[in-house]
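Below, each value reflects all heavy atoms present in this structure, side chains not excepted, and no hydrogens, waters or symmetry copies. A note on names: the letters A, B, ... follow the listed sequences, proteins ahead of strands, and every chain is numbered from 1.
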Amino acid sequence: MADQLNMGGLNLNGDGPQSSPQARSYIPPHMRSRGGGNAPVTDGPPAGLNNSNWAGQGQQFAGGRQGGNWNGDAPAPGGGYQNNRRGGGGWGGRGGYSGGGGGGGYEGHGGGNHAARGSGDGQWRDGKHIPGPPNPRVERELFGTADDPSKQHTGINFEKYDDIPVEASGRDVPEPVHQFTTPPLDEHLCRNIEMARYKVPTPVQKYSIPIVMGGRDLMACAQTGSGKTGGFLFPILSQAFIHGPSAVPANAAGQFGRQRKAYPTSLILAPTRELVSQIYDEARKFSYRSWVRPCVVYGGADIGSQLRQIERGCDLLVATPGRLVDLIERGRISLCNIKYLVLDEADRMLDMGFEPQIRRIVEGEDMPSVADRQTLMFSATFPRDIQMLARDFLKDYVFLSVGRVGSTSENITQKVEFVEDIDKRSVLLDILHTHAGGLTLIFVETKRMADSLSDFLINQSFPATSIHGDRTQRERERALEFFRNGRCPILVATAVAARGLDIPNVTHVINYDLPTDVDDYVHRIGRTGRAGNTGIATAFFNRGNRGIVRELIDLLKEANQEIPPFLEAIARESSFGGGGRGGRSRPGGGRGNANRDFRKFGGGGFGGSGGGGGGFSNPQQGGFSNYGGQSQGGSNYGGGGYGGGYGNGGGYGNPGGAGAQSSWW
DNA sequence: AAAAAAC
């Protein structure tokens with residue numbers, strides 16, 4: 001028992017003099033070097049110390065400590081158990097740390113006194129949501145202050161969002177809402193939304209809120225800048241606040257002692273560590289003072305601390321797939337209680353080879369079946385492999401297609417300059433010299449280039465830093481933090497930062513090296529001009545980039561941008577000699593049907609990369625029209641497309657059919 | 001070819 005009282009290094013004898021909050025303070029990885037001079041965020045000071053206004057019921061910290069819905073044999077959520085302990089004080093002044101203890105075991109939602117975490121410190125009692133007390137320090141940390149723009153979206157022109165077209169299809173699509181309050185999201189959630197200074201739902205949110213609240217599954221083609229994080233967090237949290245925690249299934253009971261298992265009710269998967277960290281930050285905002293306790297887990301960070309974090313309660317879990325699988329293997333997380341599953345940046349996750357892990361998480365563990373959970377998928381594109389995933393993971397879903405935020409909305413001025421590789425550095429210096437103010441994000445293709453370029457810039461006395469996958473997680477977080485807060489307003493980045501990251505005030509994106517996939521280009525420039533602000537995107541183009549020249553031109557046209565003559569010229573060159581460039585980049589059917597509900601638009605979807613049989617065709621070769629090439633493969637549903645093409649077969653990287661082309665590169 | 005991601 002003594003053992004349990006000290007689990008995870010927490011001092012649960014909260015009344016003891018030895019319990020200085022600093023003594024064993026611990027800062028989770030994602031919280032480190034954050035918030036400037038804020039007091040360190042600790043994971044386990046005795047509740048009473050942080051929560052003096054609750055002192056009168058000091059014992060309540062007992063339940064709160066592990067507040068999450070793990071390991072309860074309490075069949076009734078929010079029922080009398082917590083009540084007893086909380087109100088009655090029957091568990092004693094020592095805090096009655098019972099949950100999970102050898103004897104206690106039952107633990108529904110005590111509601112957290114997650115004092116130190118500052119989010120989700122409310123409780124669920126008697127079937128009612130009792131928000132925790134306000135905490136000014138935490139509010140500053142979560143919502144920022146007027147003079148710290150790094151935490152807030154200043155100058156958002158939400159009205160501009162209305163320009164973004166949204167197309168919804170599927171059976172019985174609910175009418176979009178136009179305000180957060182009608183029909184109402186939970187009142188407490190609305191308070192938090194207000195504190196975060198979100199005034200009006202973005203187009204994605206207008207649709208996703210009623211869709212999710214109505215219990216429907218969702219497949220949305222949208223980028224992060226469209227407000228999709230709120231798009232899934234708002235309805236999920238609202239429902240959670242209204243309905244309270246759910247009981248841990250009976251068969252999960254009877255776990256004793258130390259091996260505590262978390263039973264989150266919402267799971268959000270995303271591809272990169274920075275992205276999950278960012279989603280987690282949003283989740284903390286909107287679950288502030290609520291009974292819901294968000295957690296985040298990802299690789300590259302100390303797993304012990306993450307274990308302790310989830311031990312103390314985990315209702316909404318944001319995770320990268322690898323680390324989640326690890327935790328499941330260790331028996332520390334069960335998915336049997338999942339009500340909401342969100343796959344964010346699904347196309348990116350598949351690109352990164354996460355499909356096996358994702359399938360394992362969704363289909364190979366104890367996750368409720370498709371029918372018994374609600375599943376939301378977000379993806380920038382809708383290629384065939386994503387359609388397969390949608391077919392397997394979703395039921396009767398509403399398909400949402402959100403227009404591109406960046407490129408089409410003309411918020412971003414896109415410039416393409418012809419720069420030979422050898423001249424790139426000096427052209428970059430010119431740009432940086434003339435472009436003062438705001439944050440500049442520079443994309444390069446390789447990690448080595450990221451290092452050498454940032455070294456170069458630093459040597460030139462520019463306040464630069466870099467982020468890429470070979471830097472430690474610590475360095476990555478630090479770089480991002482310094483960039484966000486303006487200490488290093490120049491960030492050199494690889495693809496790790498291309499998608500999803502929401503950094504306010506990025507005024508200039510420079511594609512020092514253009515990506516080979518135009519979708520990546522779209523994502524990269526989408527780091528600026530966000531939320532209705534304007535931004536500039538400059539790309540260095542030379543013949544090494546002719547692979548995307550066609551699509552780049554199409555994109556610029558679509559966005560009403562100026563098209564430099566040399567681009568057209570190179571496009572003409574390429575269309576003769578260079579055969580075969582066209583079709584490859586989008587094995588899944590790419591933009592041709594990227595934003596289409598393939599259920600409606602027919603087989604074009606499933607065939608995507610399938611060209612297997614018939615794909616070897618001139619339309620692809622010439623590169624005149626990618627679309628043509630893809631839809632050609634696309635119509636191949638019954639043939640090589642679907643069957644042969646599944647996985648990597650068919651035509652991935654080789655759309656023209658087996659052996660028809662040598663390496664695309 | 002490169003990048004990302006679990007240890």
Original post:
Is the shortest side-chain N/O distance from A/Arg471 to OP1 or OP2 of B/dA4 below 4.0 Å?
Top reply: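 No, A/Arg471 has no side-chain N/O under 4.0 Å of OP1/OP2 on B/dA4.
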
Subject >> Phosphate-side-chain proximity, A/Thr494 and B/dA2, N/O vs OP1/OP2 below 4.0 Å >> reply: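 Checking A/Thr494 against B/dA2: no side-chain N or O falls below 4.0 Å of OP1 or OP2.
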
Considering only [options], which nucleotide approaches the side chain of [X] most closely?
X        : options             : answer
A/Thr446 : B/dA4, B/dA2, B/dA6 : B/dA2
A/His468 : B/dA5, B/dA4, B/dA6 : B/dA4
A/Thr516 : B/dA1, B/dA5, B/dA3 : B/dA1

Subject >> Stepwise salt bridge (Lys or Arg N to Asp or Glu O under 4.0 Å) check, A/Asp451 with A/Lys447 >> reply: CA-CA 6 Å; A/Asp451 277 337; A/Lys447 295 182 273 201; over 6 Å; no

Original post:
Does the ring center of A/Tyr512 lie less than 6.0 Å from the ring center of A/Phe443?
Top reply: no

Original post:
Do A/Arg524 and A/Glu445 pass the salt bridge (Lys or Arg N to Asp or Glu O under 4.0 Å) test, and can you show the C-alpha distance, the side-chain angles, and the key distance before you say yes or no?
Top reply: CA-CA 12 Å; A/Arg524 289 179 181 188; A/Glu445 272 301 272; 2.7 Å; yes

Original post:
How long is the line joining CE of A/Met449 and P of B/dA3, in whole Å?
Top reply: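 After rounding, the reported distance stands at 11 Å.
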
**OP:** Can you tell me the distance, in whole Å, between the CZ atom of A/Arg273 and the P atom of B/dA3?
**Re:** 15 Å

**OP:** Look at the aromatic rings of A/Phe418 and A/Phe566 and report parallel, tilted or perpendicular, splitting at 30° and 60°.
**Re:**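 Aromatic pair A/Phe418/A/Phe566 classed perpendicular.
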
Original post:
Hey, does A/Gly300 reach any base, or is it just sugar-phosphate, or nothing, if we go heavy atoms under 4.0 Å?
Top reply: sugar-phosphate

